[in-house]
Number of protein chains: 2
Amino acid sequence: MNLRDLEYIVAVAKTQHFGKASQLCNVSQPTLSAQVKKLEDYLGVKIFERDNKNVMLTEYGRSIVAKAQEIVDAAERLKDTARNMQAPEQGQLKLGAFPTLAPFIFPLAVPVLRQSFPKMQIFLTEEKTENLIAQLKDGRLDTALLALPAEEDVFEYEILFEEPFYLALPPSHPLTQMEAVPLQMLAEEDLLLLEDGHCLSGQTMEVCSWVGAQKFNTFRATSIETLRQMVAAGLGVTLVPELAVPRQEQNDIIYRPLINTPPPSRSIGLFWRKTSPFKTLYRDIARQIGTAAGNRKTQKTLS
Amino acid sequence: MNLRDLEYIVAVAKTQHFGKASQLCNVSQPTLSAQVKKLEDYLGVKIFERDNKNVMLTEYGRSIVAKAQEIVDAAERLKDTARNMQAPEQGQLKLGAFPTLAPFIFPLAVPVLRQSFPKMQIFLTEEKTENLIAQLKDGRLDTALLALPAEEDVFEYEILFEEPFYLALPPSHPLTQMEAVPLQMLAEEDLLLLEDGHCLSGQTMEVCSWVGAQKFNTFRATSIETLRQMVAAGLGVTLVPELAVPRQEQNDIIYRPLINTPPPSRSIGLFWRKTSPFKTLYRDIARQIGTAAGNRKTQKTLS
DNA sequence: AAAATCGATAGATTTTAACTATCGTCTGTA
DNA sequence: TACAGACGATAGTTAAAATCTATCGATTTT
């Protein structure tokens, strides 16, 4: 049994067709037929039912092909890793971020990375934290931007920046009169949250528990943009991370800093596997993204 | 790149010696040397540093070998699965159970399984629930005995039995005067718990929260046997699952059933991957273990 | 009935993994 | 200092395998 054979059965399972599968694998159809047959004999299991018109997975075949797929994928990742090792800064970088950070940090990160490592191929993923962690563990991602605390025992990380939360208010709201809002004043507000699984909703609830705010609205939004629309519609108020605050003032939503000790904020870090051989590169990348985010902040303060 | 090559580098990494590695792989030393070199050329990465006396992994090699190991393991599991498919009841069964169940259920389960499937090779694992779930997911285990609720969405399961909790008391304790103890009476007792990570401690705390018992002792034991010793030493009382209650009365610890609606108990189920092709066999096994546990109960009631 | 489709089979060829024998280098010992 | 032993690399050969082209046989479509 070798990797090639596993690629063959994966291809046949995918195409349901020996001829097309053989093209996918760049071999002749008889080669593929022979190898599949040999593998079936070796394993002692019929993987495919060949009717003269259709190719179908047997029940056992389905589970064998699933395992084969995993093995082939893992082998592919091994090759990618090896290729990267020859010149890490010219290889691939698979970077993930969670949904309430991704749309704001990617536009900042990508330009600086492209400038520093022009040959690096950057793949971006937006996923909930839970999925990011799973993908980082099994190698589908090289690095991920996560809010602390995350699983610091499995991963290594470098903190990029501390991101304060801002209060988003409808223009009619009395709190817009203040330049900055003490956190305690949220105790009686209708707080809008994201649906479960978003780390922002957990962070918001944590911050609010400091001051005993509990009037959480039962409706749960699916994205920051939805939250904003709801705030604009006067359904309540919400916390927004700094990077999501527009640089220019808007008419429909007013943003105000929050005052508290400690200040309400989240820490963003770049995470990678402890075992990764590219730590040096990742640390470098972390600093660059951190700087880029810091610059944005400075610009805002100046404007 | 093929699986054999990956086995070679894993063997070299393990033995730190080309000669010994070649014996492990049943090939000649030159063959192994040549293939390793070829793989290194193909990947473009030096995996080993060959000093004339020592073989050492390079930094990159370490991470490549780790990935290779995973791939080789996965391939081995694929072969095992295939072998099992030819005659599931003559193949391997890798069964796990958590620590507060394993020592009591395995002695009941193994004899009936050996009788029903004489050719089956049974591998037993005792692990905390969290590890069982991880191992079940990635194929290191075929089945696991878990307390419900577990991750019912990833797995399929069959409930084996409902296992009531008994109260374990030192002989001097006033509650020993009662034939059966109403759960509410635990509210003022010193309750001894297992350390975190054991599902029994979670179950105990849940049961106790029904009646508002909160006097949990701060010390956390590492096994049921330790708990028993502590109870015997008069440090407090604890809950033990029925299978852990000795069939004959003991002098140092008295066991009493607990009365409540619903009765304090845990459900034990046999779990397997939804995608497993051996569901029929596993269901059969589940019923057999369930029956075996039921018989023990009957014997006890009769004695 | 003829043509087209599709997987299996046959036989030749190329590739490559494997073997044996031997080399070159370093190490420890006499 | 020289010699034996250990170890991985190299050379040359052989055996195994994967692959190719050509073709078959069964089924479906036109």
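Just so it is clear, the values below take in all heavy atoms, side chains as well, and ignore hydrogens, waters and symmetry mates. Since this is a predicted model, take the numbers as computed values, not measurements. The sequence lines fix the lettering, A, B, ..., with proteins before strands; numbering per chain opens at 1.
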Trainee: Could you work out which one of dT16(C), dG8(D), dC6(C) sits closest to the side chain of His17(A)?
Mentor: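 The listed nucleotide nearest to His17(A)'s side chain is dC6(C).
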Trainee: So if I take every side-chain heavy atom of Ser33(B) and compare against dC19(C), dA17(C), dT10(D), which nucleotide ends up nearest?
Mentor: dT10(D)
Trainee: Got a salt bridge between Glu156(A) and Lys274(A), using NZ or NE/NH1/NH2 to carboxylate O under 4.0 Å?
Mentor: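 Looking at Lys274(A) together with Glu156(A), the answer is no, because their closest N to O distance does not fall below 4.0 Å.
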Trainee: Could you check how far CD of Glu7(B) sits from P of dA17(C), rounded to whole Å?
Mentor: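 Result: 14 Å.
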Trainee: I need the CE-P distance between Met1(A) and dA16(D), as an integer number of Å.
Mentor: 22 Å
Trainee: Pairing donors with acceptors under 3.5 angstrom, does anything connect the side chains of Glu49(B) and Thr58(B)?
Mentor: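 Absent: no donor and acceptor within the cut-off.
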Trainee: I want to confirm an ordering. Mapping Ala34(B) and Lys20(B) to their closest nucleotides on DNA chain D, which one lands closer to the 5' end?
Mentor: Lys20(B)
Trainee: If I take atom CG in residue Asn2(B) and atom C1' in nucleotide dT15(C), what distance separates them, rounded to the nearest angstrom?
Mentor: 13 Å
Trainee: Do the side-chain N or O atoms of Arg50(A) get closer than 4.0 angstrom to the phosphate oxygens (OP1, OP2) of dC6(C)?
Mentor: no
Trainee: Let's see if you can work this out: which of dT10(D), dA18(D), dA17(C) has an atom nearest to the side-chain heavy atoms of Gln35(B)?
Mentor: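 The listed nucleotide nearest to Gln35(B)'s side chain is dA17(C).
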Trainee: Using whole Å, report how far CD of Gln23(B) lies from C1' of dG8(D).
Mentor: 14 Å
Trainee: Closest to the Arg4(B) side chain: dT9(C), dA18(C), dA17(C)?
Mentor: dA18(C)
Trainee: Taking CG from Leu32(B) and P from dA18(C), how many angstroms apart are they, rounded to a whole number?
Mentor: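 Leu32(B) atom CG is separated from dA18(C) atom P by 9 Å.
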Trainee: Report the nucleotide, chosen from dT16(C), dG8(D), dC20(D), that has the shortest atom-to-atom distance to any side-chain atom of Thr31(A).
Mentor: dC20(D)
Trainee: Send over the distance from Glu40(A) CD to dG7(C) P, rounded to a whole Å.
Mentor: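 So the two atoms are 13 Å apart, to the nearest Å.
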Trainee: For Lys37(B), is there an ion pair with Glu40(B) - N to carboxylate O distance below 4.0 angstrom?
Mentor: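 Answer for the salt bridge query: no.
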Trainee: Regarding Phe48(B), tell me which of base, sugar-phosphate or nothing describes its non-hydrogen contacts under 4.0 Å with the strands shown.
Mentor: nothing
Trainee: Provide, to the nearest angstrom, the distance between the OH atom belonging to Tyr42(A) and the C1' atom belonging to dA18(D).
Mentor: 17 Å
Trainee: Output the single nucleotide from dT19(D), dA18(C), dA21(C) whose closest atom is nearest the side chain of Pro30(B).
Mentor: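 Among dT19(D), dA18(C), dA21(C), the one nearest the side chain of Pro30(B) is dA21(C).
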Trainee: dC20(D), OP1 or OP2 - any side-chain N/O from Ser28(A) closer than 4.0 Å?
Mentor: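 For dC20(D), OP1/OP2 do have a side-chain N/O of Ser28(A) under 4.0 Å.
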Trainee: Among the candidates dA9(D), dA8(C), dT9(C), find the nucleotide nearest to the side-chain atoms of Phe18(A).
Mentor: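 Nucleotide nearest to Phe18(A)'s side chain: dA8(C).
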Trainee: Considering only side-chain heavy atoms of Val27(A), which listed nucleotide, dG8(D), dC20(D), dG7(C), is closest?
Mentor: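 For the Val27(A) side chain, the nearest candidate turns out to be dC20(D).
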Trainee: Examine the base of dA8(C) for any acceptor or donor lying under 3.5 Å from a partner atom in the side chain of Gln29(A), and report the outcome as yes or no.
Mentor: yes
Trainee: Lys37(B) has an atom NZ; how far is it from atom P of dA17(C), in whole Å?
Mentor: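 That distance rounds to 14 Å.
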Trainee: Would you say the side chains of Gln35(A) and Thr31(A) form a donor-acceptor pair under 3.5 Å?
Mentor: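 Side chains of Gln35(A) and Thr31(A): no pair found under 3.5 Å.
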Trainee: Donor-acceptor pairs under 3.5 Å, side chain of residues 60-67 of chain B to any protein atom, not counting sequence neighbours: which ones?
Mentor:
none

Trainee: Check for a donor-acceptor pair, side chain of Asp142(A) on one end and backbone N or O of Lys94(A) on the other, with a separation under 3.5 Å.
Mentor: yes
